[in-house]
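What follows is a single structure, written as structure tokens, with notes after it.
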Amino acid sequence: MPGQNVLISYGLAPLAPIPDDPAAADALLQLDLLGSRVVLAGSVGLPARVDSWHGDGVFVLYADSAVRFATRDRFDNDLALCTALDAAFNLPRQRVWDELVRR
């Protein structure tokens with residue numbers, strides 16, 4: 001859309017911890033080693049993020065280049081527990097990502 005501002009909101013899947021100093025990393029992840037793992041998905045950090053974009057789900061990009069739409073009913077119970085962007089909600093947020101892996 002030339003001449004227009006657009007917004008996107010995607011989150012990277014928590015595949016492995018990445019140190020602040022790349023020199024400290026043993027090895028960086030390679031897409032070809034990830035198989036069909038989720039790489040990227042519509043923002044699932046908070047329920048409001050999903051509400052403000054598609055509402056009924058998110059698009060998910062897999063390492064094998066497949067893209068699917070995951071309906072919200074698959075992960076909404078865990079997403080509803082995430083009331084802030086805080087480490088206290090890592091477990092339900094991880095369960096959201098785990099559900100996105102299941103096609």
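Heads up: numbering here begins at 1 and tracks the sequence.
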>> Give me the atom names and distance for the closest heavy-atom approach of L46 to C82.
In response: CD2-O, 3.4 Å
> Which ILVMFWY residues are connected to L81, directly or by a chain of links, through side-chain heavy atoms under 4.5 Å apart?
Replying inline: none
> Does the side chain to side chain contact (heavy atoms under 4.5 Å, CB included) test come out yes or no for R49 and L85, once each step is laid out?
Replying inline: CA-CA 11 Å; R49 301 260 170 102; L85 296 176; 3.5 Å; yes
> side chain to side chain contact (heavy atoms under 4.5 Å, CB included) between V58 and W53: does it pass, once the steps are laid out?
Replying inline: CA-CA 8 Å; V58 294; W53 292 99; over 6 Å; no
>> Taking side chain to side chain contact (heavy atoms under 4.5 Å, CB included) as the definition, give me every residue that meets it alongside D73, ordered by chain and number, with sequence neighbours left out.
In response: T71
> Got a sec, which residues hit side chain to side chain contact (heavy atoms under 4.5 Å, CB included) with D76, two or more places apart in sequence or on another chain?
Replying inline: R72, L79
>> I'd like to know if V50 and V101 are part of one continuous hydrophobic network [Ile/Leu/Val/Met/Phe/Trp/Tyr, side-chain heavy atoms within less than 4.5 Å].
In response: yes
> Okay, side chain of R74, backbone of E99: is any donor-acceptor separation there less than 3.5 Å?
Replying inline: yes
> Roughly how far apart are F59 CZ and R68 CZ, rounded to 0.5 Å?
Replying inline: 12.0 Å
>> Is there a side-chain contact between F69 and V60 in this structure, where contact means two heavy atoms from C-beta onward sitting under 4.5 Å apart?
In response: no
> Is any side-chain heavy atom of Y62 closer than 4.5 Å to a side-chain heavy atom of V67?
Replying inline: no
> Any chance CG of N77 has more than 12 other-residue heavy atoms, nucleotides or ligands included, within less than 6.0 Å?
Replying inline: no
